Structure formats: structure tokens, C-alpha cells
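Encoded as C-alpha cells, the structure appears first; notes follow it.
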Protein chains: 2
Amino acid sequence: MSHAAVPHIDIAQALRRLPLFTEITDEQLRMLVGATHERDLARGEILFQQGDPPKGFYYVIRGQIKLAFASRQGNEKVVEVLGPSQSFGEAVLFMNRNYPVFAEALADSQLLLIDRGVVFTLIEEDPHFARSLLAGMAIRLHGMVRDVEAYSLNSGAQRVVSYLMSLGDTHSPGASLPCTRPPADPITVTLPVSKHVLASRLNLVPETLSRIFHDLTERGLINVHGSEITLTDVAGLRELGD
Amino acid sequence: MSHAAVPHIDIAQALRRLPLFTEITDEQLRMLVGATHERDLARGEILFQQGDPPKGFYYVIRGQIKLAFASRQGNEKVVEVLGPSQSFGEAVLFMNRNYPVFAEALADSQLLLIDRGVVFTLIEEDPHFARSLLAGMAIRLHGMVRDVEAYSLNSGAQRVVSYLMSLGDTHSPGASLPCTRPPADPITVTLPVSKHVLASRLNLVPETLSRIFHDLTERGLINVHGSEITLTDVAGLRELGD
DNA sequence: ATTCCGGATTGACTCTCGTCAAGGAAGCGG
DNA sequence: CCGCTTCCTTGACGAGAGTCAATCCGGAAT
């Protein structure tokens, strides 16, 4: 109770801000509010386990959620890390399956849980909502395909470089400009997750990630200070990442 | 012209048989027929290239289609192999992207191309169709997640065993029974693709796949005769595949 | 049968990356 | 300032899987 204030949220307003719900009617919004619950997690808390049945899908309001699976040998593989205004768990609602991954808070987090029932109702009465949902799942699927491509065709170093470049792209310039790739050389990015988690996300062990950073540094391509990484030679990185 | 007869297809009937369209109205079916084109491919022909803009989505009527990406170093990774009454290419319709993979016929094939426009029309007017589409994409996404899990957490041999077991499951008993895993021991399965393609699908090179088969044979778990593989010790395989 | 050819197999070698174990470095509470 | 934890780094080593090259096998055409 004595923790930092956990300001509860105006659910209606929060929902309105979310990409999926920008265009629904006020009446639909009321229905949605009735079917939405706030969920607060402390860092390290588990939201759901691999194998749990889905109750709905989630929106991240604040904090950071990691999706991962674990083998019984104790190995763990991070599939995705989600931040504010990103959603997850929609797809599993449309199958008679349980979660193939577990979800854990990487930081104190605030989520919205949208009940599965209301999703189906909205699909019935609002084709635009259905289209948005389809678009979201398509993007997610595309992301997985890209990941598979990277795991299969690229080396560890290449995956790291690609990741750094993608951080550079979205961070520094106006991210919405159609003109990507201004070759402005010295870009500094901040890793949004610990190196341990990043390594797993990139299908590496922390030791290997560390060595790759070391190697890239020696070649004069990057500089690492904690989670701040400066890309000193973007051209060189690009031809490596390919 | 002198080839084996390529019997053209009653598109309406064919569409009716497909999972996505079992419940649409007759009027919708007429519209669909008007927006559907037959496409015939010879073995080895390319349906679309990585980077092509999508015209619609495809249904396999006859034959076999492989989806894969290629790196400029010439490496190739098979993402999926699709057979009759399976569809592909829906997801990319909902993004402003081009195909992330290319599609090639592994055998002489007959496809239906459903124009993208009619898909959006159907979503507008038929929530049930939208739901089916979502379900299909969810299944595909789930499949990709499973693949990533396998690539990340399992060894090559484990992936091979899992694949063989999945072939055994769907083939031999009534596939729709809720009771999976009857431990009936000597099951013979037929590889639906060449070992070269299978290897790539499992993220292996052909040599490694060959060695894995050899090793499993030596341990008395399977017998290999060409593309016929007999699972002689399902229990042993299961504890390996885990 | 004989030849040819693509796919499959085998062997020898290499290399990337994971494993195991031992340090650092940075933050935090006492 | 000290000890503690947590995260990261570094080193030595090994195992799994890829590469290259030679060979084998089976089916199709001649």
C-alpha cells in the first residue's frame, strides 16, 4: 500500500486511445468497458502460464511484458517483448487451444484484459473491427515469418546488427516518414530490455551476445556503455547485416 | 496439349468444398466465382516471387506448393509445404506489404486464386466469414510459433522425431478422434516431400537429415526404405522427441 | 542392359555457438 | 565502507550441425 501510487485508469479513455478501438461507436465502447478489466503486475509476476486457457486478450498500458516458452530442461526462449499500447493474445482466442507461451512482467506493468466474449460480439456487428483485428494478426504473423527467416538464414552477429539497426530506424528520425535510412552516422540507441532477455529474443545465450558486442566494438562499428549503444559506422553495419 | 488431361474445374463446386466457404450464401458464392481464377502450374514453376505484390489468396486444389525464402548467398529455407484444400497468402492481403516468401510448385498443381477485393467485400457483409478467416490465420500463427519453439529449443533429431510422430498421428488412426496417441507400435508413414525439402523445412541440410535417419535406424527406432518410414518403437521415439 | 541423372548417402573437416566455470562491475541496503 | 545480489563479461572447452567432395542408388530414357 505504501508503494508508489498506482493510479487506476479511466478504462474508457484508455480503450479509445488504442489502435483497435479508435473507430468504434460510443455504444460499443460502453459495452467494451463492461467487458474490460484492469490488471496490475509487479516486475517478475506471471500473467499466464504456458497451457492456461485464454480469458481474453491483453493491452499493455504501462510497463513491459515478455512472451516466452520454456522446455522442461529449463531452457527458455523469449518470443516477443511488448510495450505500451501493444496488444497480445488475440490469436489464441480463435482456436480451441491454450496459450503456447507464458507471459511475465519485465517491469511493474498495467494491463487491460478484454474478455473474449465481447471480441466475438464486436466482430458480429462491426466489420471494421474485424478488419483491424485481421490486420493486427497479419502483422504479427509477418513478424514471426521474419523471425524464422532471421533464425534460419542469418548468423548471430547478423541478427544482432539487424536488431540494432531497427532500433536506430524507429528511434532517431521521424519514425513515420516514408523516407527510411538517412545515413546519419553516429546514432545512439538504448536497449529496451536487459541483455539477458535480448539474447534470448535473438536466439542466443548471453555469453554469445556479449562476445558479439565485443567483436563489433573491436571492429569499430559500435560503442557499448551499459544499455546505451552508439552505432558509429552505420554503413559498415548495414553491409554486415545484409 | 498432348499431356495428361488437365480437367478444368467447376469453380463453384470447388469453392463450396473449401473450409472457408462452406457456409456462405448462394449469392455470395456467385460473387466469389466471379472473382476466382484457376491457376495451373507445372512442377518447378514459380507462382510468385519474394517481393511480389499480392493479388489475392490461393487455394490448393491439386498438387503441392512450397513457400520459402532465399538469401542472396543462395541458401533457401522452406517455411511451409501446402497440399490440397489448404490455403495460403491471406495474411499479406491485410498489410501494405509484398510477399515475404516465394511460392513454387513441387508437383504439377491446380490452384484457385481468390481476388483480394472480394475478400474485403465478404468481410463487410458476413461476420461468419470474418471469423473463419481469423481462425485460419490464428492457426497459421500458432504453427509459426510452434516452429520457432522447435527451432529454438529442440535439436535436429528431436525436430525430425516430432515430424515423424505428427505424420503418424494424422495418418493412421481416425484423425479426428479426441483420443490422440494410441501407442500402436509399428506405424509406417510416407514422407509427402523429398528429403531435400523436408530437411529445409526442419532447418537442416540434407546431409544432416540423412545422418539423423541413419542414427535413428541404428538405435532400432525406425526403418527407412526410400520415402517409406516405419516407426518401430514409438515409445522410444516419444521419449526422445519429448 | 546400359547410360545418365538427380537425389541421397557417407566421410573428413570446420566452425559457429553453447556449456561450464570463474571472475568483474554496478547498484543497494545496512 | 562492506557485503550482497544481479547482471554482465571473459576464458577454455566441446558438441552439434554445416561444408565440401566423393560415391552410391534407383528410376527413366535409349
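This one's a predicted model, so the numbers in the text were calculated from it and none came from an experiment. Letters A, B, ... mirror the listed sequences (proteins, then strands); counts begin at 1.
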### Message
Regarding D:dT19, can its base be found pairing with the side chain of B:R211 as donor and acceptor, where the two atoms are less than 3.5 Å apart?
### Response
yes
### Query
Between atom CG in B:L202 and atom C1' in D:dG16, what is the gap in whole Å?
16 Å
### Task
Could you tell me the separation between the OH atom of B:Y151 and the P atom of D:dA17, rounded to a whole number of Å?
14 Å
### Interatomic distance, A:E228 CD vs D:dC8 P [rounded to whole Å]
14 Å
#### Entry: Under 3.5 Å side-chain donor-acceptor pair for A:S152 and B:N203
yes
#### Entry: Between D:dT5 (P) and A:H196 (NE2): distance, integer Å
18 Å
### Task
Report yes if the distance between the aromatic ring centroids of B:F48 and B:Y99 is under 6.0 Å, otherwise no.
yes
### Task
Before giving the answer on ring-ring contact (aromatic ring centres under 6.0 Å, His included), spell out for A:F88 and A:Y58 the whole-Å C-alpha distance, their side-chain angles and the decisive distance to 0.1 Å.
CA-CA 5 Å; A:F88 60 97; A:Y58 293 91; 5.4 Å; yes
### Message
Taking B:E80 first and then B:R201, would you say they form a salt bridge - that is, a charged N and a carboxylate O separated by under 4.0 Å?
### Response
yes
### Task
Using atom CG of A:L209 as one end and atom C1' of D:dT10 as the other, report the distance to the nearest whole Å.
14 Å
Close N or O pairs between protein and nucleotides 22-29 of chain D (under 3.5 Å):
none

### Task
Please determine if a side-chain N or O atom of B:T208 lies less than 4.0 Å away from the OP1 or OP2 oxygen of D:dA17.
no
### Query
Between B:D215 and B:R219, is there a salt bridge with N-O shorter than 4.0 Å?
yes
### Message
For a quick check under 3.5 Å, do A:S227 and A:T190 share a side-chain donor-acceptor pair by atom type?
### Response
no
### Message
Looking at every heavy atom in both A:D52 and A:N98, which two are closest together, and how far apart are they?
### Response
O-CB, 3.1 Å
### Message
Quick check: closest heavy atoms across B:E45 and B:D40, and the distance to 0.1 Å?
### Response
OE1-O, 4.3 Å
### Query
Contact class for A:R159 (heavy atom, under 4.0 Å): base, sugar-phosphate, or nothing?
nothing
### Task
Check the distance between D:dG16's P and B:L153's CG and give it to me in whole angstrom.
16 Å
#### Entry: Test: B:E76 and B:K66 ion pair at under 4.0 Å
yes
### Rounded interatomic separation in angstrom, taking NE2 from B:H214 and C1' from D:dG16
17 Å
### Task
Looking at every strand, decide which applies to B:N203 at a 4.0 Å heavy-atom threshold: base, sugar-phosphate, or nothing.
sugar-phosphate
### Task
Take the protein atom CD of B:Q73 and the nucleotide atom P of D:dT19, then report the distance between them rounded to whole Å.
11 Å
### Query
Taking for each residue the nucleotide of DNA chain D bearing the nearest heavy atom, is the 5' side occupied by B:E207 or by B:I212?
B:I212
### Query
Going 5' to 3' along DNA chain C, which nucleotides are the first and last within contact of chain B (any atom under 4.0 Å from a heavy atom)?
C:dA8 to C:dA12
